[in-house]
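Let me begin by presenting the structure, written as C-alpha cells, before commenting on it.
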Amino acid sequence: MTEHDMSDFGAPARRPYRVGYAPGAYDLFHIGHLNILRHARSQCDYLVAGVVSDEMAELAKGRRPMIPLVERLEIVRSVKYVDAAFVETVPDKVETWKQVRFDVIFKGDDWRGTSKGDKLEKDFAAHGVDVIYFPYTVHTSSTQLRRALDALAEPAALPGQVTGERR
C-alpha cells in the first residue's frame, strides 16, 4: 500500500466525500453504468445508487425502461461498488437529497454545460453539495442498446416489401 492508501494509523485513507449519490435509470445495465459506479465509489466513503422509478424514467425520457424497477434495483444493489440502492420517485434531486443526505452527486458529463446540469449545480450549491461529472461512455448506452433490440425485433422485409408493410 502507498501513503495514499493508508492513514498514519493503518486505516484506509479517507476519500474526498463521505456520502456520494449516483442516480440513473440503469436500464440494460452496461459498462458505462459500471464505470460511473466504480469512479463514484472511489470518491466517497459510502455510495448510494439512485435507481429512478419506471414512472420517473418515462417522465424524463418519454419511455419506460425495458427492465422492470425491481430487477434494475437488484442488479445495481449487487454491484460491489454500491453500498446502498435507493428508489428515486421524485424528479427534484433536492427532494431526494433531503431523504438521502449526500455530500456529492455524480452525473455523466453529457449533463455538463446543459440547462439540466446548470440547474443541478445551482440547486445543490445552496446546500453545500458538489456535482462531479464523469466521462460519458460514448460507445455504449442504454439508448443504443434499445435501438439495436428494436431493430432486431422488426420483421425482416421480403424483396420488394417495405419494412412494417402488411400483406
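Remember, it's a predicted structure, so these values are computed and weren't measured experimentally.
In this pair, H127 and F124 present their aromatic rings perpendicular. The plane angle is above 60°, beyond the 30 to 60° band.
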- Message: I'd like to know whether L47 forms a side-chain contact (heavy atoms from CB on, under 4.5 Å) with Y21, so could you lay out the CA-CA distance, the side-chain angles of the two residues, the decisive distance to 0.1 Å, and finally the verdict.
- Response: CA-CA 6 Å; L47 179 63; Y21 187 69; over 6 Å; no

- Let me see the working for M66 and L28 under side-chain contact (heavy atoms from CB on, under 4.5 Å), right down to the final yes or no. CA-CA 7 Å; M66 293 187 83; L28 302 172; 3.9 Å; yes

- Task: Check step by step if side-chain contact (heavy atoms from CB on, under 4.5 Å) holds for L120 and K93.
- Result: CA-CA 8 Å; L120 193 71; K93 298 285 188 245; 3.7 Å; yes

- Stepwise side-chain contact (heavy atoms from CB on, under 4.5 Å) check, E58 with R64: CA-CA 5 Å; E58 186 171 22; R64 295 176 78 78; 3.3 Å; yes

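V19 and V87 are not part of a single hydrophobic cluster, where members link through side-chain heavy atoms under 4.5 Å apart. Side-chain heavy atoms closer than 4.5 Å link hydrophobic residues (I, L, V, M, F, W, Y) into clusters, and following such links, possibly through other members, connects V48 to F102. Tracing side-chain contacts under 4.5 Å through hydrophobic residues (I, L, V, M, F, W, Y), one never reaches V94 starting from M56; they form parts of separate clusters.
V129 places a side-chain heavy atom less than 4.5 Å from the side chain of W97. Using a 4.5 Å cut-off on side-chain heavy atoms (C-beta onward), K119 and W111 make no contact. In this structure the side chain of F86 reaches within 4.5 angstrom of the side chain of Q99, judged on heavy atoms. Looking at T96 and P23, their side chains never come closer than 4.5 Å, going by heavy atoms from C-beta outward. S53 has its side chain out of reach of E88: every pair of non-hydrogen atoms, C-beta onward, lies at least 4.5 Å apart.
Annotation: the span from R38 atom CZ to H33 atom NE2 amounts to 13.5 Å, rounded to 0.5 Å. Within the model, atoms CG of N35 and NE2 of H30 stand 9.5 Å from one another, a figure rounded to the nearest 0.5 Å. Between the CZ atom in R41 and the OH atom in Y46 there is a gap of 9.5 Å [rounded to 0.5 Å]. To the nearest 0.5 Å, atoms CG (L37) and OH (Y81) are separated by 9.5 Å. With rounding to the nearest 0.5 angstrom, the CZ atom of F106 is 4.5 Å from the SG atom of C44.
Among residue pairs with one or both ends in residues 96-118, those qualifying as salt bridge (charged side-chain N to carboxylate O under 4.0 Å, His left out) are E95-K98; sequence neighbours excluded.
For the residue pair Y17/D130, the side-chain donor-acceptor check at 3.5 Å is satisfied.
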Please tabulate, one pair per line, all N/O donor-acceptor pairs under 3.5 Å involving side-chain atoms of residues 69-76, not counting sequence neighbours.
| unit_1 | atom_1 | unit_2 | atom_2 | d |
| --- | --- | --- | --- | --- |
| R72 | NE | I67 | O | 2.8 |
| R72 | NH1 | A25 | O | 2.6 |
| R72 | NH1 | V52 | O | 3.0 |
| R72 | NH2 | V52 | O | 3.2 |
| R72 | NH2 | D54 | OD1 | 2.5 |

